[in-house]
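Nothing fancy with the numbering, it's 1 onward along the sequence.
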Amino acid sequence: MSQYITVDELKTHAYDEELKEIIRDDESIALASIDMAIEYAETRLSKFYDTDIIFSKAGDDRSKLLCGFIKDIAMWYLIGLANVSIDYDDKKFRYTQADNWLKAVFKNQDMKLSQKDFPRRDDKAPTSFSGKFNPKRENRY
């Protein structure tokens, strides 16, 4: 998966020594948690937005809000490995906040997201369907 967020960027959410203590000089652990966070965000955003364009951006072209939420989710996954002196309640609150925002985007709850940061999908194909079923039959023998 492309690196929308780098391991160095996680330093805005945890001290360098805390990150080193958790990943123990194995960046693949941090990269895996970042990939899981991106994939989670992608599942929520893909209903209405072109996630290929969103997650192909780099540097200042990215949405700062989305970057922050992905870092929150990635840190949540990381502290599951080892809770080194990281404020657990704060990280839980941030994860919940990020999760709630992504759920609101998924439900399309009047989100005023910039077209530049979050381009809409071009296809007009329905992304979900509903069905009506006949009432259940009660056969008696």
Side-chain angles (χ1 to χ4, degrees), residues 1-140:
M1 186 172 272
S2 68
Q3 278 312 116
Y4 185 71
I5 303 286
T6 63
V7 176
D8 287 339
E9 290 180 282
L10 290 177
K11 294 176 184 173
T12 60
H13 283 56
Y15 291 115
D16 188 37
E17 54 273 3
E18 293 172 338
L19 284 173
K20 285 181 181 176
E21 181 72 26
I22 294 172
I23 64 174
R24 297 183 180 169
D25 296 326
D26 184 7
E27 282 194 358
S28 65
I29 296 170
L31 291 174
S33 68
I34 291 170
D35 285 344
M36 286 188 292
I38 289 171
E39 190 172 337
Y40 180 76
E42 205 169 11
T43 60
R44 295 296 184 169
L45 294 172
S46 65
K47 185 174 182 181
F48 300 110
Y49 300 100
D50 192 344
T51 55
D52 292 334
I53 293 173
I54 292 171
F55 292 111
S56 67
K57 295 180 181 180
D60 290 336
D61 293 338
R62 303 172 300 177
S63 166
K64 310 281 188 281
L65 180 67
L66 183 60
C67 285
F69 285 146
I70 289 175
K71 290 177 198 178
D72 289 332
I73 295 168
M75 282 306 301
W76 181 254
Y77 291 140
L78 270 178
I79 64 172
L81 293 174
N83 189 354
V84 182
S85 69
I86 293 177
D87 185 7
Y88 177 77
D89 292 331
D90 176 57
K91 295 302 176 199
K92 183 177 180 181
F93 172 75
R94 286 170 168 246
Y95 172 81
T96 306
Q97 188 178 20
D99 187 43
N100 289 340
W101 183 81
L102 288 169
K103 285 179 183 175
V105 169
F106 180 74
K107 292 178 182 176
N108 202 22
Q109 294 178 340
D110 246 1
M111 302 300 286
K112 303 286 191 256
L113 302 175
S114 73
Q115 184 66 21
K116 178 183 149 269
D117 290 336
F118 297 95
R120 288 271 187 179
R121 290 176 48 184
D122 288 336
D123 62 300
K124 299 295 181 197
T127 56
S128 61
F129 65 93
S130 62
K132 183 176 178 182
F133 302 99
N134 291 331
K136 184 178 176 183
R137 292 176 52 182
E138 293 185 28
N139 293 339
R140 301 191 199 286

Are Leu78 and Ile29 packed together at the side-chain level, in the sense that at least one heavy-atom pair is separated by less than 4.5 angstrom?
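A side-chain contact exists here, since the closest heavy-atom pair is under 4.5 Å.
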Check whether any side-chain heavy atom of Leu66 lies under 4.5 Å from a side-chain heavy atom of Trp101, and answer yes or no.
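Yes, at least one pair of side-chain atoms sits under 4.5 Å.
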Decide yes or no on salt bridge (charged side-chain N to carboxylate O under 4.0 Å, His left out) for Arg140 and Glu138, but give the supporting numbers first.
CA-CA 6 Å; Arg140 301 191 199 286; Glu138 293 185 28; 3.8 Å; yes
Quick one: pull up [atom1] in [X] and [atom2] in [Y] and give me the separation to the nearest 0.5 Å.
X: Ile34; Y: Glu39; atom1: CD1; atom2: CD; result: 14.0 Å
X: Leu10; Y: Glu27; atom1: CG; atom2: CD; result: 10.0 Å
X: Thr12; Y: Lys71; atom1: OG1; atom2: NZ; result: 3.5 Å
X: Thr51; Y: Tyr4; atom1: OG1; atom2: OH; result: 11.0 Å
X: Tyr40; Y: Ile70; atom1: OH; atom2: CD1; result: 12.0 Å
X: Ser46; Y: Asp52; atom1: OG; atom2: CG; result: 9.5 Å

Taking all heavy atoms of Ala37 and all of Ala74, pick out the closest pair and write down the distance.
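What the structure gives for the nearest pair is CB-N, 3.6 Å.
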For Tyr15, side-chain contact (heavy atoms from CB on, under 4.5 Å) partners two or more places apart
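With neighbours one apart ignored, the set is Glu17, Glu18.
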I'd like to check the side-chain contact (heavy atoms from CB on, under 4.5 Å) partners of Leu31; sequence neighbours left out, ordered by chain and number.
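Expected list: Gln3, Val7.
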Do Val105 and Leu45 pass the side-chain contact (heavy atoms from CB on, under 4.5 Å) test, and can you show the C-alpha distance, the side-chain angles, and the key distance before you say yes or no?
CA-CA 7 Å; Val105 169; Leu45 294 172; 3.4 Å; yes
Can you run down the salt bridge (charged side-chain N to carboxylate O under 4.0 Å, His left out) pairs that involve residues 3-15, sequence neighbours left out, and say none if there aren't any?
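Passing the test, one end in residues 3-15: Asp8-Lys11, Glu9-Arg62, Lys11-Asp16.
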Whether over 12 other heavy atoms sit under 6.0 Å from Asn139 CG
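More than 12 heavy atoms, drawn from other residues, nucleotides or ligands, come within 6.0 Å of this atom.
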Once salt bridge (charged side-chain N to carboxylate O under 4.0 Å, His left out) is applied, do any residues pair with Arg44, and if so which ones, sequence neighbours excluded?
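Partners of Arg44 by the salt bridge (charged side-chain N to carboxylate O under 4.0 Å, His left out) criterion come out as none, since no residue qualifies.
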State which residues pass ring-ring contact (aromatic ring centres under 6.0 Å, His included) with Tyr77; sequence neighbours excluded, sorted by chain then number.
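Residues passing ring-ring contact (aromatic ring centres under 6.0 Å, His included) with Tyr77: none at all.
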Describe, in one word, how the ring planes of Trp76 and Tyr95 are oriented to each other, choosing from parallel (under 30°), tilted (30 to 60°) and perpendicular (over 60°).
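Geometry flag for Tyr95 against Trp76: parallel rings.
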With sequence neighbours left out, what residues match Asn134 under side chain to side chain donor-acceptor pair (under 3.5 Å)?
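Scan of Asn134 (side chain to side chain donor-acceptor pair (under 3.5 Å), adjacent residues dropped) gives none.
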